[in-house]
S.K.: 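The structure is given below, and queries will be raised subsequently.
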Amino acid sequence: MLEIFLFVNPLGTDCRQAEAAVRRLQHESLEKVDLHVAMLLNFQVVTASLVATHRDPKDLALRNQLTKAAYEVALDFKAAQLQGNHKARQLLLGEQEMFTDGDFTYDPAFAMALVSGYGLNQAAFIDDRKRLAQTPCIDADQQLASQMGVTQAPDVVVFDTTNQNPGVRLGNTRNYQRLKAVCEKLQLTPPSMLHVL
């Protein structure tokens, strides 16, 4: 079985290609593929988001606004995950549309409309979100990223759970063929022949 960790920027629509590649692998692989999506929110991700939208990465007020919006989206994703990973990923993709114009303002009304539109139980979502806001749930993703050496998003780390090989970090994987080739090599390589990139 393949275990894949996909680290995404909560506001980054550029992560969609990486997720599409992973989802395609999930559907086409003969092996079972267990996908874990983790939110990556750090200094580098915030800077990359600002640079990608041609904004001043030294603007402290804008950095704070982007960080707050990213945190809100990550919290929404975590609350939605409690009702299913597929619905959580749908919500994430929908919420990322709020930020395609470079405005980093989180709109709770838009988010709640998506929650209802994607068939999530709104009352449960609100309760879960309030509860998760009191826990370090976002910090757990940051710790996982740190353990795996991930600092940028999107980033993919793949493990073959049927052997003792270490995981392989692929970096910015937007290409399905590259992802598939690495996963096939990971499954065919004897233990201890691969190392985290």
Side-chain angles (χ1 to χ4, degrees), residues 3-29 32-42 45-46 48-50 52-55 62-142 144-145 152-156 172-174 176 179:
E3 190 165 19
I4 298 180
F5 293 84
L6 173 61
F7 293 89
V8 300
N9 172 353
L11 308 185
T13 55
D14 58 335
C15 295
R16 291 179 179 185
Q17 291 173 318
E19 183 169 349
V22 172
R23 300 274 297 149
R24 182 176 171 191
L25 181 72
Q26 224 179 359
H27 292 305
E28 295 181 4
S29 177
K32 183 178 183 324
V33 177
D34 193 11
L35 172 61
H36 306 277
V37 178
M39 300 290 106
L40 186 62
L41 183 53
N42 60 23
V45 167
V46 171
S49 293
L50 290 168
T53 56
H54 310 291
R55 307 296 277 286
L62 191 56
R63 290 186 79 84
N64 288 338
Q65 181 182 0
L66 187 146
T67 301
K68 182 180 181 327
Y71 175 80
E72 297 295 335
V73 171
L75 193 56
D76 285 353
F77 177 79
K78 291 294 186 184
Q81 269 189 315
L82 297 173
Q83 296 184 45
N85 287 326
H86 180 70
K87 288 181 180 181
R89 287 193 294 268
Q90 283 183 313
L91 180 64
L92 175 64
L93 292 174
E95 286 192 1
Q96 286 175 338
E97 290 297 321
M98 278 191 267
F99 311 105
T100 55
D101 62 357
D103 179 15
F104 299 115
T105 304
Y106 174 81
D107 182 352
F110 182 80
M112 289 312 295
L114 290 174
V115 166
S116 297
Y118 291 128
L120 291 151
N121 179 312
Q122 196 170 21
F125 175 83
I126 291 169
D127 288 344
D128 290 337
R129 193 179 192 286
K130 284 179 185 174
R131 185 175 44 79
L132 288 172
Q134 306 301 317
T135 69
C137 67
I138 307 301
D139 293 343
D141 284 356
Q142 308 324 298
L144 182 64
Q152 298 287 332
D155 207 338
V156 177
N172 189 353
T173 303
R174 296 178 182 176
Y176 169 73
L179 175 63

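If you're wondering where the values come from, they're calculated on a predicted model, not measured in any experiment. Excluded from the calculations below are hydrogen atoms, water molecules and symmetry mates; all remaining heavy atoms, backbone and side chain alike, are included.
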S.K.: Treating T53 as the side-chain partner and L50 as the backbone partner, does any N or O pair qualify as donor plus acceptor under 3.5 Å?
M.R.: yes

S.K.: Say whether, by atom type as modelled, one donor and one acceptor occur between the side chain of S116 and the main chain of A113 under 3.5 angstrom.
M.R.: no

S.K.: Find the distance between CG (L93) and CD (Q90) and round it off to the nearest 0.5 Å.
M.R.: 8.0 Å

S.K.: With a 4.5 Å limit on heavy-atom distance, are the side chains of Q81 and L92 in contact?
M.R.: no

S.K.: Would you name the heavy atoms of F99 and A69 that are closest together and state the gap between them?
M.R.: CE2-CB, 3.9 Å

S.K.: Is it the case that the side chain of Q122 and the backbone of V115 share a donor-acceptor pair, with hydrogens and angles ignored and the cut-off at 3.5 Å?
M.R.: no

S.K.: Looking at every non-hydrogen atom in both residues, tell me the closest pair between Y71 and L41 and how far apart they are.
M.R.: N-CD2, 3.8 Å

S.K.: If only atom types and distance count, is the side chain of D141 paired as donor or acceptor with the main-chain N or O of M39 below 3.5 Å?
M.R.: yes

S.K.: What's the spacing between I4 CD1 and L25 CG if we round to 0.5 Å?
M.R.: 5.0 Å

S.K.: Could you check whether any side-chain heavy atom of R89 comes within less than 4.5 Å of a side-chain heavy atom of L35, counting everything from C-beta outward?
M.R.: yes

S.K.: Nearest 0.5 Å please: distance from the CD atom of Q96 over to the CG atom of L91.
M.R.: 10.0 Å

S.K.: Is a donor on one side and an acceptor on the other found under 3.5 Å between the side chain of Q83 and the backbone of A79?
M.R.: no

S.K.: Mind checking whether L132 and L82 have side chains closer than 4.5 Å, heavy atoms only?
M.R.: yes

S.K.: Looking only at non-hydrogen atoms, find the nearest pair between A21 and Y176 and report the distance.
M.R.: O-CD1, 3.5 Å

S.K.: If I compare all heavy atoms of S49 with all of N9, which pair ends up nearest, and what's the gap?
M.R.: OG-ND2, 2.7 Å

S.K.: Identify the heavy atoms of R129 and Y106 that sit nearest to each other, and give their distance.
M.R.: NH2-OH, 3.8 Å

S.K.: Should the pair D128-R131 be classified as a salt bridge under the 4.0 Å nitrogen-to-oxygen rule?
M.R.: yes

S.K.: Look only at the side chain of K78 and the backbone of I138, and say whether a donor-acceptor pair between them is shorter than 3.5 Å.
M.R.: no

S.K.: Let me know which of R23, Q26, E28 forms a side-chain contact (heavy atoms from CB on, under 4.5 Å) with V33.
M.R.: Q26

S.K.: If I take atom CZ from residue F104 and atom CZ from residue R63, how far apart are they, to the nearest 0.5 angstrom?
M.R.: 10.5 Å

S.K.: Does any non-hydrogen side-chain atom of M112 lie less than 4.5 Å from one of F125?
M.R.: yes

S.K.: Taking side chain as C-beta onward, heavy atoms only, is P154 less than 4.5 Å from L40?
M.R.: no

S.K.: Does the side chain of F77 reach to within under 4.5 Å of the side chain of V8, using non-hydrogen atoms?
M.R.: no

S.K.: Please give me the minimum heavy-atom distance between D107 and M98, naming the atom from each residue.
M.R.: N-SD, 3.3 Å

S.K.: With a sphere of 6.0 Å drawn around NE2 of H86, does it hold more than 12 non-hydrogen atoms of other residues, nucleotides or ligands?
M.R.: no

